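Start at 1 and go down the list; that is how both ligands and their atoms are numbered. These numbers were taken from a predicted model, which means no experiment stands behind them.
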Amino acid sequence: MNGLLFFFAVSLALACFCKATLFTNVSQLTKSNYDFVIVGAGAAGSVLANRLTENPSFSVLVIEAGVTNEGVLDIEVPFLAPGNLPMSSVTWNFTTTPQQNLDDRVLTYPRGRVLGGSSSINFMVYTRGSDEEYDRWAKLTENSGWAWENVAQYYFKSSRLVPPVDGRNITGEVNPSDHGNGPILVSVPGMPSEIDDRVFTTSKESGSEFPFSLDWQSGNAVGVGALQSTAGGGVRSSAATAYLQPVLNRTNLDVLIQTTVTRVISNGKSGGKPVFNKVEMAANAASKRFTVTASKEVILSAGSIGTPQILMLSGIGNCTTLKTLDIDCEIDLPDVGEHLQDHPLMSAYFTVDSNNTFDDLLRNATILDAALEQWMSNHSGILANAPGNAIAFLRLPSNDSIFKTFADPTAGPNSPHFEFIFAASDGYGGSVVPQPATGHFLTFQVVVVSPLSRGNLKLNNTDPFDFPIINPNFFDSEFDQAVMVGAVRAARRFVEAAPWKGFVTGLFGVVNSANTDEEIIAASRQSIVTIWHPTSTARMSPKDASFGVTDPDLLVKGAEGLRIVDASIFPVIPAGHPVAAMYIIAERASDLIKNSWA
Ligand SMILES: Cc1cc2nc3c(=O)[nH]c(=O)nc-3n(C[C@H](O)[C@H](O)[C@H](O)COP(=O)(O)OP(=O)(O)OC[C@H]3O[C@@H](n4cnc5c(N)ncnc54)[C@H](O)[C@@H]3O)c2cc1C
Ligand SMILES: *[C@@H]1O[C@H](CO)[C@@H](O)[C@H](O)[C@H]1NC(C)=O
Ligand SMILES: *[C@@H]1O[C@H](CO)[C@@H](O)[C@H](O)[C@H]1NC(C)=O
Ligand SMILES: *[C@@H]1O[C@H](CO)[C@@H](O)[C@H](O)[C@H]1NC(C)=O
Ligand SMILES: *[C@@H]1O[C@H](CO)[C@@H](O)[C@H](O)[C@H]1NC(C)=O
Ligand SMILES: *[C@@H]1O[C@H](CO)[C@@H](O)[C@H](O)[C@H]1NC(C)=O
Ligand SMILES: *[C@@H]1O[C@H](CO)[C@@H](O)[C@H](O)[C@H]1NC(C)=O
Ligand SMILES: *[C@@H]1O[C@H](CO)[C@@H](O)[C@H](O)[C@H]1NC(C)=O
Ligand SMILES: *[C@@H]1O[C@H](CO)[C@@H](O)[C@H](O)[C@H]1NC(C)=O
Ligand SMILES: *[C@@H]1O[C@H](CO)[C@@H](O)[C@H](O)[C@H]1NC(C)=O
Ligand SMILES: *[C@@H]1O[C@H](CO)[C@@H](O)[C@H](O)[C@H]1NC(C)=O
């Protein structure tokens, strides 16, 4: 065999070997007992699968309801995510209840249903949040293990900065020393857009109102700066590509896809607590149910919607409510499904005098095809980026009158109240109105990142294949309304700065047609959607607290052998995009688990 042929044969063998360990049918499993069974191969579950199988004496099964991420173009191409991935073949097509503070509108509420989970379908914005966020978690859980000084090592272990696709000198756009050496790839945009210089110049000339931020991973989360994406070489970097796929060839790891976990089952007691060591699953509602057992732990990583649903189906939740559904209550934990928090988002549009926005790309298939052809050839060009190049995280002024009625809910002075995502187009992924057929736009996607509204999630019935009833309860708090008003006014002040003269030609759309506070709130009710950050539906609390669902080591209260590692355990939602925090938590959880079985 000549060298080249041999190379192809080896590559083929490796490729086939990788595929061989991805089981698609429970009948393909060769055993029914593992040390650890992980439910969900999302952002957190994929990290656990990787780190736990570093110990060759641990056997691990991961069960994922969704399909493989491999070969799904919309997942790989950064620019396509917002337009194509929500409510697609790789998502749970959840919707919310009619939102009573949003004119009774029902919002789409997708989550990833694919290897990598929501990290395979998200919009890739990477922000670890301020140090204060973690210090607050330590306070709320009375456990210093979550303080920044103790989780910093896990941040540095989870991601690393890579060059942008155009290879330019990025001095002044990012601080390399704020970055680590982990598997998730992070990069700044590979192609400047029409508005970037205007955004950064406004910041630098504004003085204190819109301070420049060199790096979102510095520990201070307030400022205006370049958007960092979980992408490298023009391709999405997800928990699947960074953590799971590289270790699929480990012989102590089995991954079963297209299989839904229907509940966990207890088997006997230990120290008076039910031992949840059995996991029940099925391919679909009509198919036979199977179980596997975990001799060490079952770890729920099914996300903020999936995990509380599985807990309740398993008899862990508010016993009063579970009884009305005829579910035998095993552990009375009324916080299961409660305290749902999320970030409301809406778009404020401006018209601009420019022909170089993304609007034509978004409305003209010829232009999009050409861009896709370039991406296919070498992963460069406009599609190698998310549709935004800059973001801002800002605080309300400390003399804002809302602070007469509400204490500041942020984690501290380096933590923001609201966010702008700047887009050189009529927005992306967050619009309730169709794109106009003509014209060029600048969008501020305005997000309340310090919400006080709390929602919840309940079972509709006992069928695990039916969706739960999800109520994020957006805009319920007057505080959230005040932040939205303050943010819209700040957006308008931002474009009054010198760099936008002659570029911004007017205000556009329902939000920017509103003037009084009451009008802005009314316009918000018509326009708010979500940025898809649900958290805290199985929040952790201090070890002996009667509220909460897990203890600070992420063990389910009152249960034996059952842990939760996903965004449902966040004690409170961070003021930022949560996936970076998710990786940090999952890295620390991996060490907690390894140490407890050492
Ligand atoms: C459209 C969208 C855009 C987003 N944009 C950003 C962004 O730009 N930046 C950012 O930081 N965050 C973003 N997020 C949020 C971020 O991706 C999530 O916070 C993060 O992925 C949560 O991780 P997780 O492990 O808790 O859940 P997930 O990553 O959602 O993983 C849960 C996994 O469990 C599986 N599962 C669920 N139920 C079952 C079951 N019964 N049986 C078997 N498997 C099951 C799911 O299929 C999924 O694979 C976005 C989310 C969405 C949906
Ligand atoms: C799984 O495999 C079994 C045995 O071969 C088969 O009967 C069943 O239909 C398969 N299930 C699915 C969902 O393909
Ligand atoms: C979600 O909805 C989309 C659009 O209706 C559909 O194409 C897709 O198959 C659905 N996804 C799943 C997993 O059912
Ligand atoms: C990048 O730019 C900075 C400042 O402009 C300069 O000091 C540095 O040498 C440049 N780096 C490279 C690799 O050219
Ligand atoms: C799995 O593949 C990686 C990369 O191809 C290789 O470095 C590693 O040694 C392999 N591991 C096993 C257990 O075969
Ligand atoms: C449990 O649910 C019931 C009704 O469903 C509710 O009245 C009660 O307050 C809940 N318990 C707690 C402790 O939240
Ligand atoms: C945009 O294109 C139109 C039509 O070709 C032209 O009239 C206009 O001057 C252009 N605007 C800018 C800012 O180049
Ligand atoms: C789409 O863009 C192409 C290339 O720029 C242009 O030739 C064509 O006229 C545009 N189509 C429409 C409908 O505007
Ligand atoms: C990628 O291909 C495009 C043409 O499709 C070319 O203009 C560009 O220079 C190439 N970029 C790199 C980094 O090779
Ligand atoms: C807050 O302080 C600023 C600057 O000191 C001032 O311009 C503004 O009017 C004050 N706002 C309120 C509501 O008092
Ligand atoms: C709950 O069940 C009812 C009755 O089966 C159904 O009409 C409704 O759509 C379900 N709600 C959700 C959120 O699935």
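Contacts of Val90 with ligand 3, taken as heavy-atom pairs under 4.0 Å, are absent altogether.
Side chains of Thr505 and Thr351: a donor on one and an acceptor on the other come within 3.5 Å.
Between Ser89 and ligand 3, a contact under 3.5 Å exists for no N or O pair. Close N/O approach between Asn249 and ligand 5 is found [any backbone or side-chain N/O within under 3.5 Å]. Considering backbone and side-chain N/O of Asn93, one or more are found under 3.5 Å from N/O of ligand 3.
Cation-pi contact between Lys288 and Phe290: present, with separation from the ring centre below 6.0 Å and deviation from the ring axis of at most 45°. Judged by the 6.0 Å and 45° rule, Arg198 forms a cation-pi pair with Phe503.
Across all their heavy atoms, Phe441 and Val352 have their closest contact at N-CG2, 3.8 Å. Across all their heavy atoms, Pro578 and Phe570 have their closest contact at CB-CE2, 4.0 Å. Taking all atoms of both residues into account, the shortest heavy-atom contact from Met582 to Val565 is CE-C, 4.4 Å.
Atoms of ligand 3 found under 4.0 Å from any heavy atom of Ser88, numbered from 1 in the order shown, are 1 (C), 8 (C), 10 (C), 11 (N). Atoms of ligand 3 found under 4.0 Å from any heavy atom of Thr91, numbered from 1 in the order shown, are 11 (N), 12 (C), 13 (C).
Salt bridge annotation for Glu54-Lys594: present, with a cationic side-chain nitrogen under 4.0 angstrom from a carboxylate oxygen.
Residue pairs that meet the side chain to side chain donor-acceptor pair (under 3.5 Å) test with at least one member in residues 36-50, sequence neighbours left out, do not exist here.
Near ligand 8, residues Asn364, Ile367 each place a heavy atom inside the 4.0 Å sphere around the ligand atoms.
In this structure, the ring of Tyr154 has its center no less than 6.0 angstrom from the ring center of Tyr583.
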